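Everything below concerns the one structure shown next.
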Amino acid sequence: MPRNPLCTPTDHRVTRRRFLGSAASAVGLSSLANPLVAEELKKQRRQVLFVWLDGGMSQLESWDPKPNTPFGGPFRPIQTAVPGIQISELLPQCAKQMKHLAIVRSVSTQDDSHSAGVERIQRGDPKNRGVTYPLLGSAVAKLVGPGDSGLPPYIWVKPMSGGFIYKDAGFLGPKYGALALGDGKPPENLLRPKAITAEEDNERNDLRKLLDKNYAAQRRTELTEANSYAYEMAAQLQKKIELFDLSKLPQKDQDRYGTHDLGRHMLLARRLLEEGVTFVKVTSYGWDTHGDHFNGAASLHPKFDKPFAAMIEDLADRGMLDNVLVIACAEFGRTPRINGHIGRDHWPQAWSVAMAGRGIKKGGVVAGKTNDKGTDVPNDPVDIGGLFHTWFRALGIDPTDAQYGNAGQPLPIAHEDMKAVKEVLA
Amino acid sequence: MPLRWTSLLLVLIASEGLRPRLAQAEEPLHARLDAFIEAKAKADGIPLSTPADDAEFVRRAYLDFAGRIPTAAETKAFLADTSADKRTKLLDKLLGGQEYATRMADLFNVMLLERLGDNPEWIKFLKESFEKNMPWDAMVKKMLRADPKETAQPGAAFWLAKRLENYGQNPVDYSGLTRDVGRIFLGKNLQCAECHDHLFIPDYKQQDFQGLHTFFKNTYLAKTVVGERPTVEKTPFASVFTKVQMATAPALPGAVMIDIPALTKGMEFSEQPDKKTGTPGVLKFSPLKEISERLPTKANADFTRNAANRLWFMLLGRGQVHPLDLHHSKNPASHPELLDLLASEFAGRNFDIKYLFREIALTKTYARSSKLPASANKAAPAQYFATAIERRLTAEQLLQSTLIATGSDPKSADTLRPKFVKAFANQAREPEEEFTPSLKAALFVLHDDAVLGLLAPKPGNLVERVAKLSDADTIDELYLAILSRKPSTDERTAITKVLAKHPDQRTEAVGRVAWALLASMEFGVNH
């Protein structure tokens, strides 16, 4: 009988810490020396790519076209690679990847404001229990763990500034916050100055650790743990500096993803996923097209279409769709009614979310539908809580069983009155 | 019979639970505050930490009232002082010292402006106020009035003016301004009551938000000063749930509406605005004047309790009511009588901030160690104040302390300040109330020349000076200069070993040891 390479006694202890232990204690461990174990760990990865189209992508010009209706707009639907499923002509590359995709067209959520909506959606809009719930990235970082990458479990690639966004973690605490890579660049001060050798760096850090250990020995330990975690993360990231140099990638990759922000950021996201980062969020801003919507969409949607389709294709080629759950989401869709500025406004009542990969049904699926004019979801609307159930299940986590513990208070990980969209689950 | 009464009385006096009430009349405020903390801990069986030792106390007091750690010489002098009242003397020296106003300007700037921006006039207003120990109600009155005709302290208006700027391409965030007035001056975050009564806090009504909002909705930024357009009618609003039409004049939360006088159109100003120069006019009915006279008063319990709670938080790391901006009946103070007393004493002393700080700093609660009690296997919940809570240092405290510790030129503060703020401050609009270690700060300490440059030997600086001493003296001096204490035996052993490895590059090795002390948790918090 072949032995499971994970189950030598010492390795088992280590991997349990990796998968179940806290991020702080696990990230410090470098890759395991045994290549067999490393390979096995890779197969067990559970990861998420979360593409966030901030401002709200129009469902009518993407996943749920309504041709020849009063609100349908000027764009036509096209056939996808899956017979019977049509999407907007603005997503031609995605149409080719349809066999990997699942679309939920019956999304209906509660908030039509950006300021509250972004966080509300990303927190899964649970019942209020007087605590601040984590955003999806922090939740997955907590529930799945840091994996075998040695990198922070939740990395956010976004335009503009970066930093460590601890607030995302809510009650889970700062260590589950996001490391944000502003414009995909490495964080400032990442590299050790040449004047300090590796030995000298170790020497000074060993002393720092000794001091912190002594300090924490008589005090509350949480702050020191969080502080050590920040330094551990700094050490791990320094080893991965080459990740940020996209110029070393084949020109073909850069062409396929595009050199625009979202293209470059998605390519970096692919590299981070290849490294085994648990949760990668990629944000694209500027989707709030209240005016001149159709010209806006004609320019915006291809910027999403190209890198998203390239990503799906690459993950499929590499066999990574078995491990990586891919989600394209926003805080709401856009109004079917076209306003006086030829724009579409905020519409949480009826919109679409696309997903692919780990735990998602293969072959191309559409779940749920909107009414003829696309204004409402007549049957079984799916709120974000239901999508959280779906995504957790896709990751192999049972949201009716798993709970967070917040200082003794058990908290459900997703809205307990909702359930998963079974049609899209494998 | 008489004998039995006497013994009953003795029992009553001896009973711990009664101490606070008995104490009230004759004892100073700080003793009465301690009595509440101790009584609750005792009742719930919570062990208290021992008093902080002198090294811990002197560091804490300097950070709080001078905005920096003590120099090695100051620490040594305090440790050597054998007088019984040396802690009181230290507090009085610091509260009366030159650095007090600068420290308070920093502390209050972070709380009031939340890193929205810098303005020299604003900092000048804060510094002058603390130099003169201006009462808190008077400071708030100036901030809320934001009078464009104020020439003595025009900086006071910056609190409001900054919030009336367009934020990127967004329109002026009047809702955010209303929220901030509620949060910072009244301890009530009414944000979620803008469109309906708060869903989970029954005390917070949509009327409260809208009434407060009505004071500010006609304010605008006239170049650099705050102007007001006439307020002639009530603000209509309706709950998004009930859709019932309501309307409100300016009103403080829970208070009656202010009458809006009926003025003929065109007659609203006693001094017309000048359209050419953009100078705002003077209104006959100014909601800003109204709120500046009505909000910061002894009669306004929201105002006094919020202020007392925030001052307590500043020195103890946690509010009596926590979070600081969620005062409501379902979120009572950890020690309700303590907060009542603190608020009434503060108001009774004409909002004398220095008096209140002094009394809080004289408590045994303030002077408790951050080390857990020997009998406790884990920390008691923070709301018992059983063990000193480690507090975040502002970027400015870290900068000043780093300069003091490394014996660097104080003038370098000007160039280093933006770098320290970038590394250690929160993003704008995020209160800096907790210690939150970050990758950004770790990388700054590890690799930025702003830190490493201070550890390179320069004539007279710490590293250059102590590297010439014997190992034992080098280590002692480093600890006193950076951590304000002496090293433990195992720390001394570990560092002696490191120094022994580098006989030829001793100065560089000393620099790395100094770095480790600067990068430690212990240096990075007020413990």
Side-chain angles (χ1 to χ4, degrees), chain A residues 113 115-116 128-130 152 161-167 173-175 177 179-180 186-193 195-196 199-201 203-238 407, chain B residues 175 192 195 199-200 330-331 369-372 374 378-379 381-382 387-390 422-423 426-427 430 434-449 452 456 483 488 490-491 494-495 498 501-502 508-509 511-525 527:
Chain A
S113 76
S115 53
N128 188 300
R129 287 180 168 80
S161 67
F164 189 69
I165 316 291
Y166 59 87
K167 286 197 97 136
K175 72 183 176 193
L179 168 64
E188 199 180 359
N189 283 318
L190 181 60
L191 288 185
R192 189 177 71 233
I196 304 173
E199 293 84 45
E200 290 167 350
D201 194 36
E203 185 180 273
R204 64 179 188 153
N205 275 300
D206 286 347
L207 265 184
R208 176 183 60 75
K209 287 177 200 167
L210 173 74
L211 278 158
D212 284 1
K213 198 175 132 227
N214 287 352
Y215 178 81
Q218 295 169 290
R219 294 179 174 85
R220 301 177 177 94
T221 54
E222 296 88 337
L223 291 183
T224 311
E225 278 169 18
N227 195 46
S228 309
Y229 180 55
Y231 275 91
E232 278 298 319
M233 201 194 282
Q236 291 300 327
L237 263 181
Q238 281 177 72
Chain B
S175 298
C192 295
C195 308
L199 292 179
F200 317 109
K330 297 262 176 70
N331 183 32
S369 177
S370 63
K371 293 177 185 165
L372 300 179
K378 70 183 183 96
T387 298
I389 297 169
E390 292 138 309
K422 192 174 167 199
N426 282 2
Q427 296 180 8
E430 283 178 14
E434 287 170 0
F435 174 65
T436 42
S438 73
L439 177 69
K440 179 174 58 169
L443 288 172
F444 177 76
V445 174
L446 280 163
H447 299 152
D448 201 295
D449 192 54
L452 301 182
L483 298 180
S488 69
D490 69 317
E491 287 169 340
I495 295 171
V498 167
K501 272 195 238 163
H502 305 283
E508 290 75 9
R512 289 195 295 279
V513 174
W515 178 88
L517 301 190
L518 274 182
S520 70
M521 261 299 285
E522 187 174 348
F523 182 79
V525 293
H527 58 83

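In this text the structure is predicted, and so the values were computed from the model without any measurement. To find a chain, count down the sequence lines: A is the first, B the second, and so on, and within it residues start at 1.
- Here the side chains of A/R220 and B/I389 are in contact, with some heavy-atom distance below 4.5 Å.
- Residues B/P437 and A/L223 share a closest heavy-atom pair of CG-O, 4.1 Å.
- Although no hydrogens or angles enter the test, the distance criterion places no donor-acceptor pair under 3.5 Å between the side chain of A/R192 and the main chain of B/L446.
- For A/E188, the parts lying near chain B are the backbone and the side chain together; criterion is any non-hydrogen pair under 4.5 Å.
- For B/L483, the part lying under 4.5 angstrom from a heavy atom of chain A is the side chain only.
- The two residues A/L207 and B/A516 come nearest to each other via the heavy atoms CB-CB, 3.6 Å.
- Interface residue A/Y215: only side-chain heavy atoms are found under 4.5 Å from chain B.
- Put simply, the side chain of A/L237 reaches to within 4.5 Å of the side chain of B/L439, judged on heavy atoms.
- Chain B forms the most heavy-atom pairs under 4.5 Å with one residue out of A/L211, A/I165, A/D206, and that residue is A/L211.
- Proximity to chain A (any heavy atom under 4.5 Å) is shown, for B/K378, by neither the backbone nor the side chain.
- Heavy atoms of B/A374 lying under 4.5 Å from chain A are absent altogether.
- Among all heavy-atom pairs drawn from B/W515 and A/N205, the shortest one is CH2-OD1, 3.4 Å.
- Contact tally against chain A (heavy-atom pairs below 4.5 Å) for B/V525, B/L372, B/L452, B/V498: the top residue is B/L372.
- More than 12 heavy atoms of other residues, nucleotides or ligands shown are found within 6.0 angstrom of CD on A/Q238.
- The contact between B/N426 and chain A is made entirely by side chain atoms (from C-beta outward), counting heavy-atom distances below 4.5 Å.
- Put simply, of B/H502, B/E508, B/K440, B/K501, the one with the most heavy-atom pairs under 4.5 Å next to chain A is B/H502.
- In this structure, the portion of A/K167 lying under 4.5 Å from any heavy atom of chain B is its side chain and not its backbone.
- Contact of B/V513 with chain A is made through backbone and side chain together, with heavy-atom distances under 4.5 Å.
- In terms of heavy-atom pairs under 4.5 Å with chain B, the best-connected choice from A/A217, A/A195, A/A216, A/A226 is A/A226.
- Contact annotation for B/L518: neither backbone nor side-chain heavy atoms come within less than 4.5 Å of a heavy atom of chain A.
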task: Might you work through the side-chain contact (heavy atoms from CB on, under 4.5 Å) test for B/M521 and A/R219, ending with a clear yes or no?
output: CA-CA 11 Å; B/M521 261 299 285; A/R219 294 179 174 85; over 6 Å; no
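- Scanning all heavy atoms of the two residues, the minimum distance from A/P187 to B/L443 falls at CB-CD1, 3.9 Å.
- With chain A as partner, the option from B/H527, B/R512, B/H447 having the largest number of non-hydrogen pairs under 4.5 angstrom is B/H447.
- Heavy atoms of B/S370 lying under 4.5 Å from chain A belong to its backbone as well as its side chain.
- Of the residues considered (A/D201, A/L210, A/N214), A/N214 shows the highest number of contacts with chain B, using heavy-atom pairs under 4.5 Å.
- Using a 4.5 Å cut-off between heavy atoms, B/S369 does not touch chain A at all.
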